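What follows is a single structure, written as structure tokens, with notes after it.
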Number of protein chains: 2
Amino acid sequence: MGITIKDIAKIAGVSISTVSLVISGKGYVSQATRRKIQKVINDYNYRPLRSAQQLASNQTGNIGFITSDVHLSRSEAFYSRILLGVELEARNYDYNVLLSTVGEGTNIPKNIPRFLKGRDVDGIIIAGSIPEDLLWYIHDIAIPVVLIDYRLPDLQHDVVMMDNRHGIQQIVQHLTSQGLERIGFIAGSKNHPSIKERFEGYQITMEQFGLGNFARAEKNHFLVMQETSSDIGTEGIASILKNEPALQAVICANDTTAMGCLKELQKRNFRIPQDIAVVGFDDNYYAAISQPTLSSVHVPKIEMGVEGAKLLMDRITNPNKIYQTRTVPVEVVVRESSRVTT
Amino acid sequence: MGITIKDIAKIAGVSISTVSLVISGKGYVSQATRRKIQKVINDYNYRPLRSAQQLASNQTGNIGFITSDVHLSRSEAFYSRILLGVELEARNYDYNVLLSTVGEGTNIPKNIPRFLKGRDVDGIIIAGSIPEDLLWYIHDIAIPVVLIDYRLPDLQHDVVMMDNRHGIQQIVQHLTSQGLERIGFIAGSKNHPSIKERFEGYQITMEQFGLGNFARAEKNHFLVMQETSSDIGTEGIASILKNEPALQAVICANDTTAMGCLKELQKRNFRIPQDIAVVGFDDNYYAAISQPTLSSVHVPKIEMGVEGAKLLMDRITNPNKIYQTRTVPVEVVVRESSRVTT
DNA sequence: ATTTATTATCGAATCGTTTCGATTATTCTT
DNA sequence: AAGAATAATCGAAACGATTCGATAATAAAT
């Protein structure tokens, strides 16, 4: 079928190994032969066969990307964008990206990505939460791993996170600077590390602004275990308002939740933001076109993927490095839903 | 490093080739030896190394998934869901999925997915539009290809589409059954085959309902080349209303466009659906939670991916089969934005 | 009971690279 | 100018599977 390195060598009148050296850029090859060989390669449009390279070099040139099926099909395209970032960066290293989704259920071994069994990848990136025992399984394989927007307290890994605490801090600051003080908090999937950090950020910052009493009162939060959905916002705001009718603002742990919140408030004829200000987190596409437009914290998803890929490449070439956590900066985007003063 | 087929053979006391036969399920192996070998394989948790299999068998066990970067990061997760479907189905065949995005720009050869150059995949799936010359390039490689939600008139391929015409037909029927007759149409990226079919569906059905005159008048459509965005809806409805103030309903070629349309109408204090009914297409997540909730046509995205993967597997094992077009059914979901009568 | 067909097992070639060590050619030291 | 260091090239052994053909064992046919 295809043209092989052997053909190239014969045509160029050199040995196979010299051609290989030219391709990989390793070792010593004289300018003259290098050019000669390169010309033949170009002329015949030759590319080495990956599987042969893989077998001989014991490197696959592939990385695996694992995320849950639910995450991948999320409407906000949050993890899709992270995947995109990974793909973009992997390309710079001439790596392929293999995708595998896993169910939320904890069904090992059916859940185990095929590329792990066949030793098809040099390293993997895990985006978002996956079943804990699967993470342990992967950990035990001793393959380079980078986690994006996820982590387990008792497991050491390279990790990429967004700056959740600082994002919330900016929000609280923005709200209080407008004189709002009774600020509630709503979140789903509270076991997720990002959500946890956002809640902690809320508590810490409120404390700093002298609003610790309000922030500590349980009636002013709504935290549940469910997967992110707009229902959480709907239920959440209802629950808080029941006990705290004088609420002035509410921070939702993400935009989808905020959307549900918005909807419920409108149904009850609250004016937003005059009666209650609402802010989300993530800065979805829909934040910018919802009615009213939603203030949020912009998270650079693609960059998170890029950073993750870089970290992974680093770890693959340098397996004994100390583990790193990389935190990408975020920024509040103020829109109609929280702009009280003009 | 890892355990090899040689080790298994030695431990089981058989030849390498017999072990291979057990793994692949081909040829003749007695019950007794089969069990014996299988036991060793299980005990040692052995998996054949893919790259070695690939090299020896000249099959990769991989499929490539190509989509544009813009499509993948789309907020509606339309193509992410198709990807998910492909992944789910590929798993049933024990195939890996390699992902590559391509820029919208037409920069061959930088745009060429790496897995094509290294002959890393047995076939590829292309979801959504990609630069035309890239499609020609792929066509020339003569590798099995399936297109999902895309096609080129003068290029033969296996194709998966949604039933755009019938979806629109259902919409028009739904609207006219409520007495609405002056129904406009708004779409972006009008060169996309799905959008084209939706527009054709609009024209044909309107004709069937005796509303051909209205549907044929250019002032009642807004068709532009831009990529899908909510701005198209905003501009579109403004444009149509200028020439046709008595508009009763508008069909948007997708939900995102409809969102922009909704927003503009609300800004102008139109009541929806009493003054103007709005429907979208695709049935996004946000269609169900927007204000008002948006009527739309549900498209089973994951199933489209599944169908695509099936078609591709079929073509890989059977390269000379006649080309197929598979059309998945769609269904109107009526919500607040178009429910005039109660 | 011999021939023929079927089932079972194996040895060896093969797939297309990388890489190690050997060999030769060139350049640098003193 | 001889020996040492460096640069250039090559041959051959891996890498870990598949697969073809040969051979041996068993079953079926006459």
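These numbers were taken from a predicted model, which means no experiment stands behind them. Proteins come first, then strands; the chains are lettered A, B, ... in the order of their sequence lines, and each starts at number 1.
- If you take CZ of A:Arg50 and C1' of D:dC15, they are 17 Å apart, rounded to a whole angstrom.
- B:Glu87 and A:Thr101 are linked by a side-chain donor-acceptor pair at a separation below 3.5 angstrom, with hydrogens and angles left out of the test.
- In B:Tyr93, the OH atom is crowded: over 12 heavy atoms of neighbouring residues, nucleotides or ligands sit closer than 6.0 Å.
- Side-chain N/O atoms of A:Lys26 include none lying less than 4.0 angstrom from OP1 or OP2 on C:dT18.
- Between B:Gln59 atom CD and D:dG16 atom P the separation is 21 Å, expressed in whole Å.
- Put simply, CZ on B:Arg119 and CD1 on B:Ile141 are 10.5 Å apart, with the number rounded to the nearest 0.5 Å.
- Rounded to whole Å, the distance from CD1 on B:Ile23 to P on D:dG16 is 14 Å.
- Side chain of A:Asp122 to main chain of A:Gly61: a donor-acceptor pair is present (N/O by atom type, distance under 3.5 Å, no hydrogens or angles).
- A donor-acceptor pair shorter than 3.5 Å can be found between the side chains of B:Ser68 and B:His71.
- The residues B:Lys39 and B:Asp43 are annotated as salt-bridged, a charged nitrogen and a carboxylate oxygen being separated by less than 4.0 angstrom.
- Straight-line distance from the CG atom of A:Leu55 to the P atom of D:dT18: 12 Å, rounded to whole Å.
- If you take NZ of A:Lys117 and C1' of D:dG16, they are 20 Å apart, rounded to a whole angstrom.
- Remark: P of C:dC15 and CD of A:Gln54 are 18 Å apart, rounded to the nearest angstrom.
- Regarding B:Lys10, its NZ atom lies at a distance of 13 Å from the P atom of D:dG16, rounded to whole Å.
- Contact annotation for B:Thr4: backbone-only contact, meaning every heavy-atom pair under 4.0 Å involves sugar-phosphate atoms and none involves a base.
- Within the 4.5 Å cutoff, the side chain of A:Lys310 has no heavy atoms near those of the A:Asp314 side chain.
- Considering only side-chain atoms of B:Gln53, the nucleotide from D:dA17, C:dT19, C:dT17 that sits closest is D:dA17.
- Between C:dT17, C:dT19, D:dT18, one nucleotide has an atom nearer to the side chain of A:Ser57 than all others, and that is C:dT19.
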Any protein N or O atoms within reach of nucleotides 6-11 of chain C? Criterion: under 3.5 Å, listing atom names and distances.
| residue | atom | partner | partner atom | Å |
| --- | --- | --- | --- | --- |
| C:dT7 | OP2 | B:Tyr28 | OH | 2.9 |
| C:dT9 | OP1 | B:Ser30 | OG | 3.3 |
| C:dT9 | OP1 | B:Thr33 | OG1 | 3.1 |
| C:dT9 | OP2 | B:Ser30 | N | 3.0 |
| C:dT9 | OP2 | B:Ser30 | OG | 3.3 |
| C:dT9 | OP2 | B:Thr33 | OG1 | 2.6 |
| C:dC10 | OP2 | B:Ser15 | N | 2.8 |
| C:dC10 | OP2 | B:Ser15 | OG | 3.4 |
| C:dC10 | OP2 | B:Thr18 | OG1 | 2.9 |
| C:dG11 | N7 | B:Ser17 | OG | 3.3 |
| C:dG11 | O6 | B:Ser17 | OG | 3.2 |

